[in-house]
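Worksheet: one structure, shown below.
Given the structure is predicted, the values throughout are model-derived calculations rather than measurements. Side-chain atoms are counted along with the backbone in the values below, which use heavy atoms only and exclude waters and symmetry mates. Here, residue 1 is the first one in the sequence, and each next residue gets the next number.
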Amino acid sequence: MSLKKMFFAICFAIFFLHGLAQQQVHVKYYHVRSPIATLYEDLYIKDNNVISIQDSIINFNSAGTMAAVKSSSKPISKNYFISKLNTGGKTKDFFFTGLNKEVKYFVHDQVAEPGWKIDESKTKKILGYNCIQAKGIFRGSEITAYFTKELPYSAGPFKFYGLPGVILDIREDNKNFNIWKAEKVELTVDPKINFTPALSDYPKITMKEFIELKEGNQEKEMADLLSRMPPGTKVQNNSNKRPGIEKSFEWESIYRSKN
């Protein structure tokens, strides 16, 4: 190889590696959290850093559908989900903020990959990107995702990951909520986005500890409510059913039977 060709090859390699180092993606999702509540979530990818930020304003829909959503000024603090792109293995570390009884916690969560089954024959266009269908089970919920290889980063909203491209649509099967649908994709990231927000003031806790604390408080509140009702009052208690996308966890036996 001549010196000129070698110089060109080295320059191209440096340019290519620099381009990889500067990878930037921003995806804005419309998130249907429940039959009556929606909000926006923004996913940011830069270099090896990933952060997804759930909006601080929830919109409420009294009809219980995705239509006729009206704004609410109900203030809640933003939630952050922080991770890395390149982790390897079948689990991924997430650090996120979670609220329990007016106390904000900084939670460490190890999330297992959903065990995706990709179907290359099922495709659709989302915001101009060619997307491929994948199905999996995420913590007890059967989910369907559409991802694009045109954005070759294993990331998505919330705690979703493990596909060879950014997830642009993901939802729980046979539900009209637990939905994340991309509304905008940008190949730049606002320089003001902080991938390592200052959360040191929040108590640090594991996911298992957080769930046990949160559900323990819910059980106490239910017991207190029942104690103040007239004798013989019957209340349907669905406290053992989690309405969110996370219905079981890796440390529970029910998780192993459903995943």
Side-chain angles (χ1 to χ4, degrees), residues 7-31 39-56 77-98 104-114 116 118 126-132 134 136 138 145-170 180-202 204 206-207:
F7 177 76
F8 178 82
I10 292 172
C11 289
F12 179 80
I14 292 172
F15 174 81
F16 179 74
L17 292 172
H18 176 75
L20 286 180
Q22 295 300 315
Q23 59 195 2
Q24 297 186 33
V25 178
H26 166 221
V27 184
K28 177 176 282 292
Y29 299 90
Y30 182 69
H31 173 33
L39 54 89
Y40 283 100
E41 183 170 336
D42 289 274
L43 171 70
Y44 299 96
I45 302 169
K46 185 176 182 181
D47 302 331
N48 194 39
N49 300 305
V50 182
I51 188 168
S52 199
I53 305 174
Q54 289 184 348
D55 201 1
S56 58
S77 58
K78 292 183 178 182
N79 282 324
Y80 298 85
F81 299 87
I82 305 166
S83 63
K84 297 290 185 181
L85 269 183
N86 303 318
T87 58
K90 292 295 183 181
T91 62
K92 186 173 185 177
D93 289 304
F94 284 84
F95 296 87
F96 73 95
T97 52
K104 199 81 163 182
Y105 291 89
F106 189 41
V107 187
H108 174 214
D109 192 7
Q110 287 187 310
V111 182
E113 190 179 299
W116 295 108
I118 298 173
I126 299 176
L127 300 176
Y129 290 92
N130 296 306
C131 296
I132 301 167
F138 176 81
Y146 280 88
F147 69 96
T148 178
K149 293 181 180 179
E150 295 167 30
L151 299 172
Y153 315 119
S154 181
F158 190 54
K159 304 174 188 175
F160 301 117
Y161 75 102
L163 288 167
V166 173
I167 297 169
L168 296 185
D169 188 292
I170 187 164
W180 288 257
K181 182 179 180 180
E183 290 197 345
K184 180 172 69 173
V185 176
E186 297 177 317
L187 301 183
T188 59
V189 170
D190 187 333
K192 295 179 182 178
I193 297 300
N194 184 4
F195 287 85
T196 56
L199 303 171
S200 58
D201 291 340
Y202 297 156
K204 296 175 177 61
T206 67
M207 185 63 172

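- Lys184 is listed as a side-chain neighbour of His26, based on a closest heavy-atom distance under 4.5 Å.
- Side-chain contact check for Val107 versus Thr206: every heavy-atom pair is 4.5 Å or farther apart.
- Note: Tyr29 and Tyr40 fail the aromatic proximity criterion, with ring centroids not under 6.0 Å apart.
- Atom CG of Asn194 is separated from atom CG of Leu199 by 8.5 Å, given to the nearest 0.5 angstrom.
- Taking the six-membered ring where the residue is Trp, Phe195 and Tyr44 present perpendicular rings, their angle passing 60° and hence far from 30°.
- No side-chain heavy atom of Leu43 sits under 4.5 Å from any side-chain heavy atom of Val25.
- For the pair Lys159 and Phe96, the cation-pi test (distance below 6.0 Å, angle within 45°) is passed.
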Kindly determine whether Lys84 and Val50 satisfy side chain to side chain contact (heavy atoms under 4.5 Å, CB included), including the steps that lead there.
CA-CA 5 Å; Lys84 297 290 185 181; Val50 182; over 6 Å; no
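- At least one side-chain heavy atom of Glu150 sits less than 4.5 Å from a side-chain heavy atom of Asn130.
- How far OH of Tyr80 is from NZ of Lys104: 8.5 Å, rounded to the nearest 0.5 Å.
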Mind running side-chain hydrogen bond (donor to acceptor under 3.5 Å, both in side chains) on Gln110 and Thr91 for me, showing each step along the way?
CA-CA 6 Å; Gln110 287 187 310; Thr91 62; 5.0 Å; no
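- The two residues Ser154 and Gly162 make their nearest non-hydrogen contact at OG-N, 2.9 Å.
- Applying the side chain to side chain contact (heavy atoms under 4.5 Å, CB included) criterion to Asp190, with sequence neighbours excluded, gives Lys192, Ile193.
- Contact detail for Leu163 and Ala145: the closest heavy-atom pair is CD1-CB, 4.2 Å.
- Contact check for Pro164 versus Phe147: side-chain heavy atoms found under the 4.5 Å cut-off.
- Residues Trp180 and Phe160 bring their aromatic ring centres within 6.0 Å.
- No side-chain heavy atom of Tyr30 sits less than 4.5 Å from a side-chain heavy atom of Leu39.
- Results of the side chain to side chain contact (heavy atoms under 4.5 Å, CB included) test with Ile45 over Val166, Leu151, Ile51 single out Val166 as the only residue that passes.
- In this structure, Asp109 CG and Asp93 CG are separated by 9.0 Å, a value rounded to the nearest 0.5 Å.
- At least one side-chain heavy atom of Tyr146 sits less than 4.5 Å from a side-chain heavy atom of Ile126.
- The shortest heavy-atom contact between Leu85 and Ala155 is CD2-CB, 4.1 Å.
- Between Phe81 atom CZ and Phe94 atom CZ the span is 9.5 Å, to the nearest 0.5 Å.
- At least one side-chain heavy atom of Ile170 sits under 4.5 Å from a side-chain heavy atom of Pro157.
- Once rounded to the nearest 0.5 Å, the distance linking CD of Gln54 with OG1 of Thr97 reads 8.0 Å.
- Distance CZ/Phe158 to CG/Asn79: 9.5 Å, rounded to 0.5 Å.
- With salt bridges taken as basic N to acidic carboxylate O contacts below 4.0 Å, none links Lys78 and Asp55.
- Here the closest non-hydrogen pair linking Tyr161 and Pro114 is O-CD, 3.9 Å.
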Salt bridge (Lys or Arg N to Asp or Glu O under 4.0 Å) between Asp169 and Lys181, worked out
CA-CA 5 Å; Asp169 188 292; Lys181 182 179 180 180; 5.6 Å; no
